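This structure is a prediction, so every number in the text was calculated from the model and none was measured.
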Amino acid sequence: MVVGICSGTGLAVFALATGIVLGLQWASPIIAGFAVYAVELLKKPRRKQCDLCKRSSLSGLFFHCPRCGLEVCEQECWSFEHLRCKLCLELSVPVFPPDARWWDRRFGPAFHEGRCQLCLTEGAERALRSCLRCGRSQCESCWDIANGQCKRCGWFAPDLPFALNTYIKNGPDRASEASNHASGEVNNAKVSDVFRNDQRREEIQR
């Protein structure tokens, strides 16, 4: 707007001083002002709107739910604990496909003996799958609810859906390495304790 006013003032002074009648030049201040306004408008950040609560925000965090694909706000509609939107959490929307071959490639063959170690559902009612690290058996529903993570040892199933894997902090491979590293530290601590106990026994015997 300032540019348009200055340009218009300059043209008016020029016309009065020279006596020259200007034609389309009078439109130049309007065009200049509109151009500057358009540039400033494009620089302004766009407000995002939550697909669930319809709340809009300029600076708030928004997440794409890996289960339904909706873009939701962090304030009311996203569950950081469960890595899904509140609607999918309420309706128990699955993230893993029902295809048995998909499950077999990541967990091995299903079995129906025993029960789920989490929800205690009998294997006759729902297929069970074992953790490939610690052997804990969980039903497919509990594996899905846990986003493919074993509740006992923290192991992640490989080749998780990309939309879900992006929200897992360290990723399946790093989580596995971290768990192995932690297990190694525990074993080293046990060996160190045994060595110290042996030294104490020798000192007492002396």
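Put simply, the side chain of N147 never gets that close to the backbone of L164: no donor and acceptor are under 3.5 Å apart. Using modelled atom types, one side-chain atom of Y167 and one backbone atom of H64 make a donor-acceptor pair closer than 3.5 Å. Under a 3.5 Å cut-off, the side chain of R84 and the backbone N or O of R67 do not form any donor-acceptor pair. Side-chain N or O atoms of D51 include one that pairs as donor or acceptor with a backbone N or O of E71 at under 3.5 Å.
Shown are L83, V93, L70; of these, the side chain to side chain contact (heavy atoms under 4.5 Å, CB included) with C88 is made only by V93.
In terms of heavy-atom proximity, S137 sits nearest to F111 at CB-CZ, 3.5 Å. Taking both residues in full, the closest heavy atoms of P66 and W78 are given as CD-CH2, 4.0 Å, listed atom of the first, atom of the second, then distance.
Distance check: C73 SG to K48 NZ gives 12.0 Å after rounding to the nearest 0.5 Å. Atom-to-atom distance recorded for C65:SG and L89:CG is 9.5 Å, nearest 0.5 angstrom.
Residues F107 and W143 bring their aromatic ring centres within 6.0 Å.
In this structure, S79 and C85 have side chains that are not in contact, with every pair of non-hydrogen atoms separated by 4.5 Å or more. Between C131 and C153, some side-chain heavy-atom pair lies under the 4.5 Å cut-off. In this structure, L128 and Q138 have side chains that are not in contact, with every pair of non-hydrogen atoms separated by 4.5 Å or more. At a threshold of 4.5 Å between non-hydrogen side-chain atoms, the residues F80 and F63 count as touching. Side-chain contact between Q75 and R55: present, with at least one pair of heavy atoms (C-beta onward) separated by less than 4.5 Å. D159 places a side-chain heavy atom less than 4.5 Å from the side chain of R106. L87 is not listed as a side-chain neighbour of C68, based on a closest heavy-atom distance of 4.5 Å or more. At least one side-chain heavy atom of F156 sits less than 4.5 Å from a side-chain heavy atom of I168.
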Would you mind writing out the side-chain donor-acceptor pairs for residues 119-127 within the sub-3.5 Å range, not counting sequence neighbours?
| from | atom 1 | to | atom 2 | distance (Å) |
| --- | --- | --- | --- | --- |
| E122 | OE2 | R115 | NE | 3.4 |
| E122 | OE2 | R115 | NH2 | 2.7 |

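Looking at K86 and E76, no side-chain N of the basic residue comes within less than 4.0 Å of a carboxylate O on the acidic one, giving no salt bridge.
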Intermediate values then yes/no, side chain to side chain contact (heavy atoms under 4.5 Å, CB included), C50 and S56: CA-CA 6 Å; C50 176; S56 59; over 6 Å; no
Chi angles and distances behind the salt bridge (Lys or Arg N to Asp or Glu O under 4.0 Å) call for D144, R129: CA-CA 11 Å; D144 188 281; R129 304 278 179 168; over 6 Å; no
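By the rule that hydrophobic residues join a cluster once side-chain heavy atoms approach within less than 4.5 Å of another member, L160 and I145 end up as members of separate clusters.
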